[in-house]
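Within every chain, numbering begins at 1; the chains are lettered A, B, ... in the order of the sequence lines, protein sequences first and strands thereafter. Everything numeric here is computed off the predicted structure, so don't read it as measured data.
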Amino acid sequence: MAESWTSLLVVRKPAHLKRMLSGRPAKALAVNTGPRRQLHLALHHDDLRLTQQQQQQRVLLQHYRSLGHMPFKRPAPVPHQGTESGGESESSSRPPPAKQQKTSMQKALPDTTVYIVQAKLDVGGISELFELAEHHTKGACRNAMDADVIITAIAMRRRLERHVPWDIAETKAVVTPAWLRDSVDHGRALPCGDYVAIQDLLETTVEHCPDCNCKPCACSDGDSEAATPRFEAKQLPSPLSSPSTPVKQRAMSTSTKKEEKKPVVPQPVPEHLLPPDPPIPTNLAKLDYMSRYACQRASPLVCPNQALVRELDIIRRSRDLEGEARSALSYERAVSIIKAYPHEIRSLKQVEKLPFIGVKITGLIEEFLDTGKITEAQTINASERFQTLSLFSSIYGIGPSTAIRLYNLGLRSLNDLEVYYGVEPEDVALQSQIVEVEEKPRKPAWQRGQHKGDEGLGDSWTRVALGLREDLAKKIPRAEVEEMGRVVMRELEELEPGCVSTIVGGYRRGKMESNDVDIVFTHPDPSKVKGLCKRLVRKLHERGMVTHVMHLSGFHAHNALRTHHWDSLEKALTVFIMPPSSPFHTGVRRRLDLIFAVPDVYWTAVIGWTGSIMFQRDIRQWAKDKHGMKFDSSGITRRYDSKEFFPKTEKEAFDLLGLEWVEPKWRNADL
DNA sequence: GGGCAT
DNA sequence: CGTAT
DNA sequence: GCCC
């Protein structure tokens, strides 16, 4: 069963697609990299993040001003204050707050049984509540029906109904966690009306409250804390966990829910798997915008020469689509070095000394300085060929090579593609529901690809991708990215409590909108990781949240030559849809990438998946050039003796490579 | 003319 | 070749 | 396309 599930769900990319058209792989379509797939009309929403970005730029600019550009002038250390703009991106689950039991002689609620809805609570909150329940009530029960009081952080009816049937909820007092805390503090049950979790349940909550039966409303008992959940207030440094992690920013708290075993006392997550508590600031004075390595430069999300880099990026994309990967790389490097240049470029002299700006690109910049545009870029951008190739390769699974072949066949529009790939009108109508992507019955390998006749038409992979294109082209707001993280984390917590995660990708670098969501997971216990990716994907699929699995990897497909930690990464590339119970439900499907790493390689995975692409390339280049190391998201290896390194934190990985620490928000080395 | 991340 | 950063 |  489980296995057939996989083959049912996973859309395999048919190898025969590539032979579909003119079988010959034109010249050197060298190794192409990253997803150059951008819709030609993709909007840039940079304006939306101007304030944030401008702020970053100002800091950078100030810094470089203070350097005075004079090689000998030592900079006055820039008061690098937190350029933190609001939403920090770390999303690890926080450790459970150090628990402590109130030394109470007597239970505050000796006759009350509570049911704790774990959803929307983080592990810390959950363990705290279970502690309180254990020590101050009759106990926590595993079934809402058996409880007198239901405790939940959920505020919405629809959401609660996912965990407690409404008709049961109506026979209980349904209150916020603060009720339990405050009741414990006061040594008795407080009026539930003041703590009702869901407004619709106010009456029944009051009615079933185990308080002293004094009518609720007016008697506020003069406790002002009611509304404010105060986790820290109840914590003392735990003897167990290291110097108390003050749970001040419990970032993206991972709501949890699990089979309610009674003493839910999750193991504290080791400190080093969590983001550093005060975050480590970037020492901009040690970075150098002239460096040949993007990992030594500070690259903001939006730079002072954004208009110029956008022009250059058009040419870059064109080179990529045309199969000129090396040329494209040069433009990418040019864009990258300009991204880190902290001034508005007003004269050619400023760029002449920058690396990666050679004869050709200098000429283009000159034109841009003179006229405010680059004719070649404009011409490319206006050309039907470029627009069509861009459109085609915006479809998942269609890269430059396929796009060109389709173009050469005379196809020009999405409709052409749909006709070509045999998308039926009714398929399009099906889009909003969960589409089981059944793999087209495949002939055995020896029968496949013998003749070209059976390919092309009706390729299931591309058909599906075509159907998804519209949704996947939409950007994802930060808030929704975070919600996706919470939702996924909640499911994972049920599956395997105690996991840690970081939302990586552009989100972590501070982008206001993302094209997809990438999450890296680990578990303090390495033995818990194996197979987790598949299990989570299966669960999300059963719950209707994952509608497609584009790729699912276990791991052993590595080099036969000695290996160690190579089965240390599991990865799923999926399509996700927000469950209807979420306030963020829009019905728009999103690309979601899940990466599971054993703890040893968690931080290298986080670094790798945080990007940006150019930043990663240059870290790898740097590791090779300067240290003879191979760096990738599943580990760091010394080349001459294959010794492996397992940095315990993200910063340690930088240290290991002799690199200055660069915060994610300064890693935007790509456009 | 080789190298360009893995 | 296409995907991920 | 740029660097060594």
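DNA chain B contains the following stems of three or more consecutive Watson-Crick or G-U pairs, with both distances under 3.5 Å: B:1-4 with D:1-4.
Rounded to whole angstrom, the span from the CG atom of A:L472 across to the C1' atom of C:dT3 amounts to 14 Å. Between A:L592 atom CG and C:dT5 atom P there is a gap of 11 Å when expressed in whole angstrom units. The interatomic distance linking A:L594 (CG) with C:dT3 (C1') rounds to 15 Å, in whole Å. Atom CZ of A:R591 and atom C1' of C:dA4 are 8 Å apart (whole Å). For the pair A:I607 CD1 and C:dA4 P, the interatomic distance rounds to 21 Å; values are reported in whole Å. Nucleotide B:dG3 holds its C1' atom 8 Å from the CZ atom of A:R326, rounded to whole Å.
Listed pair A:R639 / B:dT6 meets the phosphate criterion, a side-chain N or O lying under 4.0 Å from OP1 or OP2. Between A:K624 and B:dT6, a side-chain N or O to OP1/OP2 separation shorter than 4.0 Å is present. For the OP1/OP2 pair of B:dA5 and a distance below 4.0 Å, the side-chain nitrogens and oxygens of A:R620 include no atom meeting the criterion.
If you check every strand for non-hydrogen atoms under 4.0 Å, A:Y331 touches sugar and phosphate atoms only. Within 4.0 Å (heavy atoms only), A:I361 reaches sugar-phosphate atoms of the nucleic acid but no base atom. Using a 4.0 Å heavy-atom criterion, one finds that A:D618 contacts no nucleic acid atom at all.
Between A:I365 atom CD1 and A:I338 atom CD1 the span is 4.0 Å, to the nearest 0.5 Å.
Applying the side-chain contact (heavy atoms from CB on, under 4.5 Å) test to A:D593 and every residue at least two apart in sequence or in another chain returns A:D516, A:D518, A:L573, A:R591, A:I595, A:W609. With sequence neighbours excluded, the residues forming a side-chain contact (heavy atoms from CB on, under 4.5 Å) with A:K353 are A:M290, listed by chain and number. In this structure, the side chain to side chain donor-acceptor pair (under 3.5 Å) partners of A:S291, at least two apart in sequence or on a different chain, are A:Q296. Scored by the salt bridge (charged side-chain N to carboxylate O under 4.0 Å, His left out) test, A:E366 finds no partners at all (sequence neighbours excluded). Under the side chain to side chain donor-acceptor pair (under 3.5 Å) criterion, A:D618 pairs with no residue at all, not counting sequence neighbours.
Taking atom C1' in both B:dA5 and C:dT3, the straight-line distance is 15 Å, to the nearest Å.
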